[in-house]
Amino acid sequence: MNDQFELIADGLAGNGYAVVDHFLSKQEVDSILSLGLFEEESLHQFRKAGIGKTQGLHVNENIRGDYIQWLDIKTAPTPVKVYLNRLTELALFLNRALYLSLKDHEVHMTVYPKGSFYKRHLDQFKGDDHRKLSVICYLNHDWTEADGGQLRMYLPDEARDFAPIAGRLICFRSDQIEHEVLAARRDRISLTGWLLDQSMDMRF
Ligand code: OGA
Ligand code: MN
């Protein structure tokens, strides 16, 4: 566990991002999947993700096509809590290793239905810089190149693509790394979150 945290800290310090496989073990991924939260009959609990308050759904559709459902650590089922608690440990580790002052996280479940994508963007909102690190953990077993849906990160010298394979965690600086989700050719699911430098209770 600590080895993974160290790899993440090193990656963030050196390159602004890190990719770690088996952040969730196969069993941990399967425990989450077996809750049925991403199954057909649960999808009505997801809502179309937005891109700000002013754009309509029409514009939105050309920018991002994912559906989300926010998680609450207090009511989340145990397998999800295992993940959220690990993110808390990661944040506390990064605070010590990189002298950050992360105080909370916000995480949603995400579904990109077949054919959807999210165009190039940065994760910090205008006028709100509390999202310091983006953290995404993927839950897709048997994902192949042909399934598309890679996360493309725009790094200083090149763009790099990473497949959304089950158990993989990708963490990057929310203020620096522009990225996009390439069109997925099958449904693509993940837990998408941000480590914040402000506690959620104080946000509003
Ligand atoms: C996002 C995002 C990337 C991914 O939700 O802001 O960029 O790989 N997600 O799911
Ligand atoms: Mn993003």
Side-chain angles (χ1 to χ4, degrees), residues 8 11-12 15-24 29 32-33 37-38 43 46-53 55 57 59-71 80 83-84 87 90 104-155 158-197 200:
I8 294 169
L12 287 170
N15 308 311
Y17 78 97
V19 180
V20 171
D21 286 336
H22 311 293
F23 187 78
L24 288 181
V29 170
I32 293 174
L33 293 178
L37 299 168
F38 293 94
L43 293 183
F46 285 69
R47 61 181 179 76
K48 194 108 184 50
I51 46 161
K53 297 185 179 66
Q55 291 96 339
L57 214 57
V59 175
N60 192 8
E61 195 62 34
N62 297 325
I63 296 177
R64 69 187 293 189
D66 56 325
Y67 289 76
I68 67 169
Q69 187 182 341
W70 286 99
L71 290 166
V80 172
Y83 175 66
L84 297 176
L87 277 191
L90 172 62
D104 208 347
H105 45 60
E106 54 183 4
V107 181
H108 58 62
M109 299 185 283
T110 314
V111 181
Y112 284 81
K114 182 179 173 166
S116 60
F117 53 81
Y118 192 166
K119 287 280 171 65
R120 182 172 176 165
H121 67 280
L122 208 56
D123 278 352
Q124 276 195 358
F125 298 125
K126 287 195 185 67
D128 179 353
D129 63 356
H130 295 303
R131 290 180 167 183
K132 295 300 171 191
L133 296 173
S134 305
V135 278
I136 306 151
C137 191
Y138 303 101
L139 304 172
N140 308 289
H141 284 310
D142 308 316
W143 194 269
T144 68
E145 263 324 284
D147 293 324
Q150 295 91 343
L151 171 68
R152 174 168 292 173
M153 283 192 275
Y154 292 92
L155 305 170
E158 55 172 352
R160 290 195 67 183
D161 294 349
F162 295 93
I165 62 176
R168 171 174 281 177
L169 185 92
I170 300 191
C171 182
F172 56 88
R173 284 187 59 158
S174 306
D175 63 334
Q176 281 195 348
I177 299 201
E178 292 192 1
H179 56 281
E180 72 175 297
V181 177
L182 303 182
R185 293 188 200 96
R186 58 178 255 218
D187 290 2
R188 173 196 196 267
I189 59 176
S190 59
L191 300 172
T192 307
W194 294 272
L195 304 184
L196 313 167
D197 71 351
M200 290 290 277

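Both ligands and their constituent atoms are indexed starting at 1 by order of listing. Just so you know, these numbers use all the heavy atoms, side chains as well, and skip hydrogens, waters and symmetry mates.
- Checked for salt-bridge contact, Lys119 and Glu180 miss the test: no charged N lies under 4.0 Å from a carboxylate O.
- Not a single N or O atom of Trp194, backbone or side chain, sits closer than 3.5 Å to an N or O atom of ligand 1.
- For His121 atom NE2 and Asp123 atom OD1, the angle they make at the Mn ion (ligand 2) is roughly 90°, to 10 degrees.
- Considering backbone and side-chain atoms together, Tyr118 places no N or O closer than 3.5 Å to any N or O of ligand 1.
- Taking distance alone, with nitrogen or oxygen atoms compared against 3.5 Å, Thr192 stays at or beyond that limit from ligand 1.
- Cation-pi check for Arg64 over Phe117 is not met; the charged atom does not lie both under 6.0 angstrom from the ring centroid and within 45 degrees of its normal.
- Taking distance alone, with nitrogen or oxygen atoms compared against 3.5 Å, Asp66 stays at or beyond that limit from ligand 1.
- With salt bridges taken as basic N to acidic carboxylate O contacts below 4.0 Å, one links Arg168 and Asp21.
- Remark: of the listed residues Arg186, Lys114, Arg188, Arg186 is the sole one forming a salt bridge (charged side-chain N to carboxylate O under 4.0 Å, His left out) with Asp147.
- Looking at Tyr17 and Gln176, their side chains never bring a donor and an acceptor atom within 3.5 Å of each other.
- Each of the following atoms of ligand 1 lies closer than 4.0 Å to a heavy atom of Asp123: 6 (O).
- The protein non-hydrogen atom at the shortest distance from atom 8 (O) of ligand 1 is Tyr138 OH, 2.6 Å.
- In terms of heavy atoms, Cys137 sits closest to Leu169 at CB-CD1, 3.9 Å.
- Ligand-side atoms of ligand 1 in range of His179: 2 (C), 7 (O), range being under 4.0 angstrom from any heavy atom.
- Closest to atom 10 (O) of ligand 1 among all protein heavy atoms lies Arg188 NH1, 2.8 Å.
- Side-chain contact between Ile170 and Leu151 is present, with at least one heavy-atom pair separated by less than 4.5 Å.
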